[in-house]
There are 4 protein chains.
Amino acid sequence: MGADDQRILGEASLRGHPKHKPTRPRRVPLQGRAEETVASIIEAAAQILEKEGFAGFNTNAVARRAGVSIGSLYQYFPGKDALTVALINRENKRFYDDAAIALTRRSGRAALEYLLAAAVRRQLQRPMLARLLDLEEARPTLRGEVEKDELEGLFHEVLRRAAPKHERLDVAAADVIAIIRGMVDSAGERGETDLQSLEERLRAAVFGYLART
Amino acid sequence: MGADDQRILGEASLRGHPKHKPTRPRRVPLQGRAEETVASIIEAAAQILEKEGFAGFNTNAVARRAGVSIGSLYQYFPGKDALTVALINRENKRFYDDAAIALTRRSGRAALEYLLAAAVRRQLQRPMLARLLDLEEARPTLRGEVEKDELEGLFHEVLRRAAPKHERLDVAAADVIAIIRGMVDSAGERGETDLQSLEERLRAAVFGYLART
Amino acid sequence: MGADDQRILGEASLRGHPKHKPTRPRRVPLQGRAEETVASIIEAAAQILEKEGFAGFNTNAVARRAGVSIGSLYQYFPGKDALTVALINRENKRFYDDAAIALTRRSGRAALEYLLAAAVRRQLQRPMLARLLDLEEARPTLRGEVEKDELEGLFHEVLRRAAPKHERLDVAAADVIAIIRGMVDSAGERGETDLQSLEERLRAAVFGYLART
Amino acid sequence: MGADDQRILGEASLRGHPKHKPTRPRRVPLQGRAEETVASIIEAAAQILEKEGFAGFNTNAVARRAGVSIGSLYQYFPGKDALTVALINRENKRFYDDAAIALTRRSGRAALEYLLAAAVRRQLQRPMLARLLDLEEARPTLRGEVEKDELEGLFHEVLRRAAPKHERLDVAAADVIAIIRGMVDSAGERGETDLQSLEERLRAAVFGYLART
DNA sequence: AATGAATGAGTATTCATTCAT
DNA sequence: AATGAATGAATACTCATTCAT
């Protein structure tokens, strides 16, 4: 009933152990207006991060660009980190929605290939944003707050199909994610635009890895 | 001749075309004491980053831990970023010194294996430091200031020996570095300590990659 | 007849000559529901002040705990101060209702003793609340808004009976109130729980004071 | 060696139990300049509290009035509360320095009388300041940070001389302090200026209390 | 060369209050 | 009458950097 329930990320959850935040369809603002506000704030954060980098990424600027008061921002996000986390989650969700199509592929190999392609696609769309968010996601403070379960689950499942005999799929999933992130961010940093080539090299690394572990 | 020559990274160099800082003999112990001071400041930065994370990493704290006045710190480093860059360079140098031994190996494969082992070793020694520096190194502001040439050259050469027929060694070098960094940082984040296992998986990814590109 | 009449403390009254608020019949349960709402808000304020202290005492929190919207709170109280004042008045009223029994005592001494006992009782019941409200009541902004007349009248009357020959009863009343408040709050701060002892010391101070003035 | 050592009130000491801060001649800024700065900040705080009340009492305003940057304020005071505490301590020290003269009196009674006179004097000099500081001192957050030991010790000693046979001097000291504070603040609130009269009534209460406990 | 006191722009965050629905 | 989303002025506090001594 109180405004607190709409807060995207509770204070409690920011400290202490993950606590497995209710990954359930988290209570999103009920009234249309609020929902819009939240969305506009997150998108504003994305745009600022994209165009100004970390330097310009402060809550007041985000609120301004969102056309919202700073108070509204804090109505929905208990702090700056919560906003960052929300943005990361939005991006991950979008990636997930695309990547999940991989599961419709017949073969495990095709599924994994789709996954890699999706990763490359995502990177090339908003390269700076993707990169900076990866950076943020690695920050000790934020790690543990981000909803990775679904995404990791997806990788796990795809790898299970692509490498059924692999003995440690969780390790493999973590490694594959790490490889993708490493290569794709590095490509972004270097300004690569040839997603064809990047995709191929990524396949080389990932399939090579799987073939040898 | 003046004190300015001791500045690790000039302001000018932070903007504009970076690369190749003043190629002066670099060693030239202008004054033993100054060299010591610089070293102690850099080590203080390392320790703080390791123990307090980004949160505690500010110039005043670094100076205090180094047992030096904040004024002195700015005598040697024109700014915080310059200090960060100096620390990154120190770490890269140390890694380079170890990794360069790879070149003494007979076979290209052995050389590359040595390289990978060195990367894992480094990560496991000061995991937090290594990770945070990788993060910093990726920051748009710092990229371009860091001396990567030597290190990249080393990778290039080792790859040349390990995969003589590879057509785009520079791309391969960048990719391999990205794979290593991705996997090794990820392992660090997850608190992995079994460097044996990590090394094997790293080899799988890198050799797999090379075999397929 | 309008909603305004329910406002506990008009803005106008906060500035300008306070004293004697609109002497309207004060009771007149305009609407049972409204009265309940007001009561629940005041009690919520009391609970928060008691459990969270000044830190947690903000209008939104009060409304939330009262199970009422923030808008409703402002429907009945023109501002935070008005709410605080209403709470103080409620507590004073309760104290008054108990303390007024003093007037039924035969002797003036007994009456005064009853008064002191009542004061101690009140303090020991909700020590933190009593103390914080005393603090608030002393705030320049609020002084003058609180209904002290009745209470002071009571003290005046009791003192008149206890020390009939006293020449300046109003001064004595103020002093006695000050002594009680000082000692009782101090005891609360120090966590005293032995109300027997406190009562005795209080009597010593007050009767001593009266005997010598 | 670091700036931290000059901080008037360490962070650690603000949380957790009193910890009996080194009541020793606390490390005051060593260089003359710093000492002046600290003094000017505290005096600025006093003036603002006196003239603007709590409303205008914010760190930026204090710094401005002190003719000092906000950064300097925080160089010496880790937070607003620390500044408040420092001001309270300064005032208590001043009061102590005056009140300690009581110990030079021959009789215990005369000593106590001197103490009461000093308390009244102090109140009448800067009434608003004295009152507001008493209010602040009672705030749960600040209590325990203020150096009361000396002052309480003084009261203890004076009472020992004035009422040698009293069995619980510590309780008596606390009560007497409470009585003084209560009456004197109340007088201040009511705008009393006749310190003669106030002094007499104070004596009545205190000596009356002592005679009966 | 060294010191460390001083600076102040910058930023996160709170909370009383308003008002469209 | 009630709701609660929205507001934004106010404020505590940080930290990179400068410069007088």
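Per chain, numbering begins at 1; letters A, B, ... match sequence-line order.
Under the rule for a side chain to side chain donor-acceptor pair (under 3.5 Å), the partners of C/Ser69 that lie at least two apart in sequence or sit in another chain are C/Ser72. Qualifying side chain to side chain donor-acceptor pair (under 3.5 Å) partners for A/Arg90, counting only residues two or more places apart in sequence or in other chains: A/Glu43. Annotation: side chain to side chain donor-acceptor pair (under 3.5 Å) contacts of A/Arg64 (sequence neighbours excluded): none.
The interatomic distance linking B/Leu73 (CG) with F/dC19 (P) rounds to 17 Å, in whole Å. One interatomic measurement links the two molecules: CZ of D/Phe54 to P of F/dA12, which rounds to 13 Å at whole-angstrom precision. Atom CD of D/Glu52 is separated from atom C1' of F/dT11 by 16 Å (rounded to the nearest Å). One atom, CD1 of A/Ile41, and another, C1' of F/dA5, lie 11 Å apart when rounded to the nearest Å. Rounded to whole Å, atom C1' of F/dG4 lies 16 Å from atom CD of A/Glu35. In this structure, the CD atom of C/Gln75 is 14 Å from the P atom of E/dC19, given to the nearest Å. Rounded to whole Å, the distance from CZ on D/Phe77 to C1' on E/dA5 is 14 Å.
Counting heavy atoms from C-beta outward, D/Leu87 and D/Phe77 have side chains that stay 4.5 Å or more apart. Side-chain contact check for A/Asp81 versus A/Arg139: some heavy-atom pair is nearer than 4.5 Å.
With both ends at atom P, the span from E/dA1 to F/dT21 equals 22 Å, rounded to whole Å.
Each of A/Ser72 and D/Ser72 has a nearest nucleotide on DNA chain F; the 5'-most of these lies closest to A/Ser72.
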Acceptor/donor pairs from residues 48-59 of chain A side chains to any protein atom, 3.5 angstrom cut, sequence neighbours excluded:
from    : atom 1 : to       : atom 2 : distance (Å)
A/Glu50 : OE1    : A/Arg126 : NE     : 3.2
A/Glu50 : OE1    : A/Arg126 : NH2    : 3.0
A/Glu50 : OE2    : A/Arg126 : NE     : 3.2

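An angle of 10°, rounded to 10°, separates the two end axes of the helix from E/dA2-F/dT21 to E/dT21-F/dA2, each defined over five pairs.
OP1 or OP2 of E/dA5 has not a single side-chain nitrogen or oxygen of D/Thr37 nearer than 4.0 Å. Under 4.0 angstrom from either OP1 or OP2 of F/dG4 there lies no side-chain N or O belonging to C/Ser69. Distances shorter than 4.0 Å separate some side-chain N or O of B/Arg33 from OP1 or OP2 on E/dA2.
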Atom pairs under 3.5 Å, N or O on each side, protein against nucleotides 16-18 of chain E: can you list them with distances?
from   : atom 1 : to      : atom 2 : distance (Å)
E/dA16 : OP1    : C/Lys80 : NZ     : 3.0
E/dA16 : OP2    : C/Thr59 : N      : 2.7
E/dA16 : OP2    : C/Thr59 : OG1    : 3.0
E/dA16 : N7     : C/Asn60 : ND2    : 3.3
E/dT17 : OP2    : C/Tyr74 : OH     : 3.0
E/dT17 : OP2    : C/Lys80 : N      : 3.0

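We find that B/Arg33 and B/Glu36 are not joined by a salt bridge, their nearest charged nitrogen and carboxylate oxygen being 4.0 Å or further apart.
Scanning both residues, D/Ile88 and D/Val146, for their nearest heavy atoms gives CG2-CG1, 3.7 Å. The shortest heavy-atom contact between A/Leu142 and A/Thr84 is CD1-CG2, 3.7 Å.
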